[in-house]
Number of protein chains: 2
Amino acid sequence: MADQHELRDKGLRLTPQRELVLAAVRELGHATPEEVAEKVRQTHPGINLSTVYRNLETLENVGLVQHTHLGHGGATYHAAEELTHLHLVCGVCGSVGDAPIEVAANFVNSLADDYGFKTDVTHFAVYGTCSTCFKPESK
Amino acid sequence: MADQHELRDKGLRLTPQRELVLAAVRELGHATPEEVAEKVRQTHPGINLSTVYRNLETLENVGLVQHTHLGHGGATYHAAEELTHLHLVCGVCGSVGDAPIEVAANFVNSLADDYGFKTDVTHFAVYGTCSTCFKPESK
DNA sequence: GCCTAATTGCGAGTTACTCGCAGGTGTCAC
DNA sequence: GTGACACCTGCGAGTAACTCGCAATTAGGC
């Protein structure tokens, strides 16, 4: 773990709470702040929700985690090194699927060429209907 | 306006408040529930925020308006007939640009072919950095 | 070990909605 | 035009998800 390095470089400290928040994000894959808090409480019951929110923000500034909007409204956090796929959110069943970012390569390039817009495909989910829900349920 | 038709078909009524909410959405283009409420209050000051929220939801069920996630968390509403473009949200300056849905056609097709996922590109914004913010500001 | 600034926990405050209820009012039937 | 009913509205209370200020604590450099 060279996480300390990332933090210290910015004059930040590596506290037990911060380590636990980062570990929780890494372990959970996708997680809302509340889920992270719950996970952290398993090993450090006294941790405050504010602390979780603040650490998530701090870790994001440092670049160790990133947030994504999967729907509803709240943000979902990921470890930065996991962000190699985009999210397919099904509006019917609510499931979240993954797809490699390469699928969007052409799309990203068109946007860059035609609009000068540099897209971060992983930040927002891709909304639609998954194969399971789209197939006419017989009837 | 055949809006009445859409509503009555589902046993719903066309009240003045409902009409105003729909008119406000059409006039504003993109609007948050609060912006809609403010707009409606210009001609009908007594309208309640709950009423705006409920009507937005009702109109969405009927298919006259749709909501999109442009960022932050809250939803933004559009008249259904206006949803012919996708939104390019700049993470730096916060501006919202438009691009025709055709740009995403290939992307949507790949997702459909490879994952059976039927994408609704307009539901979530496309996040990134706009041309203005991306160009190194001289300096 | 000491000192300073970054952090934490806590409680209060804010924002954006959501809900239940009682009275009001479009619509349809006649 | 009149009546009746179910849909709507306004209102106030309630909730979820954060955010903030502050005093006490503690990581890290020396």
Side-chain angles (χ1 to χ4, degrees), chain A residues 1-25 30-41 43-62 64-65 67-77, chain B residues 1-25 30-41 43-62 64-65 67-77:
Chain A
M1 286 221 199
D3 304 333
Q4 288 194 24
H5 180 68
E6 317 276 350
L7 289 165
R8 300 241 184 93
D9 271 4
K10 306 212 175 189
L12 302 173
R13 295 178 187 167
L14 186 66
T15 62
Q17 290 90 332
R18 199 163 278 173
E19 258 187 302
L20 286 165
V21 167
L22 180 54
V25 171
H30 313 142
T32 61
E34 211 176 316
E35 287 166 347
V36 172
E38 202 174 314
K39 180 82 189 171
V40 172
R41 287 202 177 107
T43 51
H44 188 118
I47 198 168
N48 197 279
L49 235 199
S50 316
T51 303
V52 173
Y53 278 105
R54 282 186 292 221
N55 278 331
L56 248 12
E57 197 187 321
T58 304
L59 292 170
E60 185 160 24
N61 286 335
V62 177
L64 289 170
V65 307
H67 76 270
T68 301
H69 296 279
L70 254 38
H72 53 295
T76 305
Y77 287 81
Chain B
M1 283 221 199
D3 304 335
Q4 289 192 22
H5 180 69
E6 318 276 352
L7 289 165
R8 300 240 185 90
D9 272 6
K10 305 213 174 188
L12 302 173
R13 295 180 187 164
L14 186 65
T15 62
Q17 291 89 334
R18 197 108 89 193
E19 259 187 302
L20 286 165
V21 167
L22 180 54
V25 171
H30 314 140
T32 62
E34 213 177 315
E35 288 165 346
V36 172
E38 203 174 315
K39 180 83 188 170
V40 173
R41 287 201 177 106
T43 51
H44 188 118
I47 199 167
N48 197 280
L49 234 199
S50 317
T51 302
V52 173
Y53 277 104
R54 283 185 290 220
N55 278 331
L56 248 11
E57 196 186 322
T58 303
L59 292 170
E60 184 159 24
N61 286 335
V62 177
L64 289 171
V65 307
H67 77 269
T68 301
H69 295 281
L70 254 38
H72 53 295
T76 304
Y77 287 81

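Only a predicted model underlies this, so the values are computations on that prediction, with no experimental measurement involved. Naming: A, B, ... by sequence-line order, numbering from 1 per chain.
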Does a distance-only test, which skips hydrogens and angles, find a donor-acceptor pair under 3.5 Å between the side chain of B:Arg13 and the base of D:dC8? no

State whether A:Asn48 places a side-chain N or O below 4.0 Å from either non-bridging phosphate oxygen (OP1 or OP2) of C:dG11. no

Taking A:Thr51 for the side chain and A:Ile47 for the main chain, is one N or O donor matched with an acceptor at less than 3.5 Å? no

Between atom CD in A:Glu19 and atom P in D:dA27, what is the gap in whole Å? 11 Å

Can you tell me whether the side chain of A:Ser50 and the base of C:dG11 have a donor-acceptor pair closer than 3.5 Å? yes

Under the 3.5 angstrom rule, does the side chain of A:Arg18 hit a backbone N or O of A:Arg13 as a donor-acceptor pair? yes

base_contact_polar (D:dG21 base, A:Arg54 side chain, donor-acceptor, <3.5 Å): yes

What's the closest nucleotide to the side chain of A:His44 if the choices are C:dC28, C:dG26, C:dG9? C:dG9

Which is more 5' along DNA chain C, the nucleotide nearest B:Glu57 or the one nearest A:Gly11? Just name the residue. A:Gly11

Which residue lies toward the 5' end of DNA chain D, B:Val52 or A:Thr15, if each is placed at its nearest nucleotide? B:Val52

To check you understand the geometry: which heavy-atom pair defines the closest contact between B:Pro33 and B:Ala75, and what is its length? CD-O, 3.6 Å

Rounded to the nearest angstrom, tell me the gap between atom OH in A:Tyr77 and atom P in D:dC18. 8 Å

For B:Leu49, report the nucleic acid contact type (base, sugar-phosphate, nothing); a contact means any heavy atom under 4.0 Å. nothing

Roughly how many Å is it from CG in A:Leu12 to P in C:dT8, rounded to a whole number? 10 Å

Choosing from C:dT8, C:dG20, D:dC7, which nucleotide comes nearest the side chain of A:Gln17? C:dT8

With A:Val25, the side-chain contact (heavy atoms from CB on, under 4.5 Å) member among A:Leu59, A:Leu56, A:Asn55: A:Leu56

Whole angstroms only, please: what is the CD-P distance between B:Glu34 and C:dC17? 8 Å

Between C:dC17 atom C1' and B:His69 atom NE2, what is the distance in whole Å? 14 Å

Residue closer to the 5' end of DNA chain C, B:Leu14 versus B:Thr32 (nearest nucleotide): B:Thr32

Between the side chain of B:Glu35 and the main-chain N/O of B:Thr32, is any donor-acceptor distance below 3.5 Å? yes

From CD1 of A:Ile47 across to P of D:dT26 the rounded distance in Å is 14 Å

Nearest-angstrom distance from the residue atom OH of B:Tyr53 to C1' of C:dC17: 5 Å

Atom pair distance, as rounded to whole Å: CG in A:Asn55 and C1' in D:dA27: 13 Å

